[in-house]
Amino acid sequence: DTGVSQDPRHKITKRGQNVTFRCDPISEHNRLYWYRQTLGQGPEFLTYFQNEAQLEKSRLLSDRFSAERPKGSFSTLEIQRTEQGDSAMYLCASSFGASNIYGYTFGSGTRLTVV
Amino acid sequence: DQQVKQNSPSLSVQEGRISILNCDYTNSMFDYFLWYKKYPAEGPTFLISISSIKDKNEDGRFTVFLNKSAKHLSLHIVPSQPGDSAVYFCAASSRLIQGAQKLVFGQGTRLTINP
């Protein structure tokens, strides 16, 4: 297992289009998180899954955003009707057990540019 | 509101000397504090953490100090090496449902180690 994988690495889309990103966590990790990082800022929490259940969503996650984790394995994050303000790095992370001590394992992210 | 702040966007240090990165927080309910390191085109990588009940944690060249009364933490890197050049994020941990942790990140400090 080589860590958390995210696909695609880069995505350029026109405003108004829908986009979907995929995250494959470390296989034994039951917890999966999505974060968003804009230029000059640290990552901001979007949502959290434990196995297939989405247990927490940030108010940053507007109704144009939806995330799923079918069967508790990979996860997808979809943005509908993209806006220029959605341009950011979308980071996925996974953890198992006491993540507060060891932190999460982050993927390399998907960089979204909305033109 | 910015609950975790890193007030220095950049820091330049001579190789072999000590690097000190600072972080301030506002919420006394955070239970863990973590430092992440980020290289370009990669996701953040966990470096070191400290429980809110401790005041120091050391791991090799890296030491984190926590001053709860001042709501301040710092990361010391001794001696600094060229490979330490990266963006460093301070993060604070708060609990989510079922024991997971949500991380609140600072804006990051870009550390440059000069030969």
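Reminder, nothing fancy here: chain letters follow the sequence lines and each chain counts from 1.
- Linking Ile, Leu, Val, Met, Phe, Trp and Tyr residues whenever their side-chain heavy atoms come within less than 4.5 Å leaves B/F65 and B/I77 in two separate clusters.
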Q | Residues B/C23, B/W35; criterion side-chain contact (heavy atoms from CB on, under 4.5 Å); working and verdict | A | CA-CA 10 Å; B/C23 178; B/W35 285 93; 3.9 Å; yes

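- Looking at A/E44, there are no atoms closer than 4.5 Å to chain B (heavy atoms on both sides), in backbone or side chain.
- There is no contact between A/R111 and chain B, counting heavy-atom distances below 4.5 Å.
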Q | Steps toward salt bridge (Lys or Arg N to Asp or Glu O under 4.0 Å) verdict (A/R64, A/E78) | A | CA-CA 8 Å; A/R64 296 185 298 106; A/E78 181 184 14; over 6 Å; no

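- At a heavy-atom cut-off of under 4.5 Å, chain A is reached by B/L103, B/F105, B/G106, B/Q107 from residues 103-115 of chain B, listed in order of number.
- No side-chain heavy atom of A/R15 sits under 4.5 Å from any side-chain heavy atom of A/R81.
- With a 4.5 angstrom heavy-atom cutoff, A/Q41 touches chain B via backbone and side-chain atoms both.
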Q | Verdict with supporting geometry, B/I50 and B/I48, side-chain contact (heavy atoms from CB on, under 4.5 Å) | A | CA-CA 7 Å; B/I50 187 167; B/I48 191 169; over 6 Å; no

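- The aromatic rings of B/F46 and B/Y36 stand perpendicular to each other, their planes meeting at an angle above 60°, with 30° marking the opposite boundary.
- Taken together through direct or relayed side-chain contacts under 4.5 Å among Ile, Leu, Val, Met, Phe, Trp and Tyr, A/F74 and A/F96 form parts of separate hydrophobic clusters.
- At a 4.5 Å heavy-atom cutoff, the contact between A/L91 and chain B is made by side-chain atoms alone.
- Classified by interplanar angle (parallel below 30°, tilted 30° to 60°, perpendicular above 60°), the ring pair A/F21/A/Y90 is tilted.
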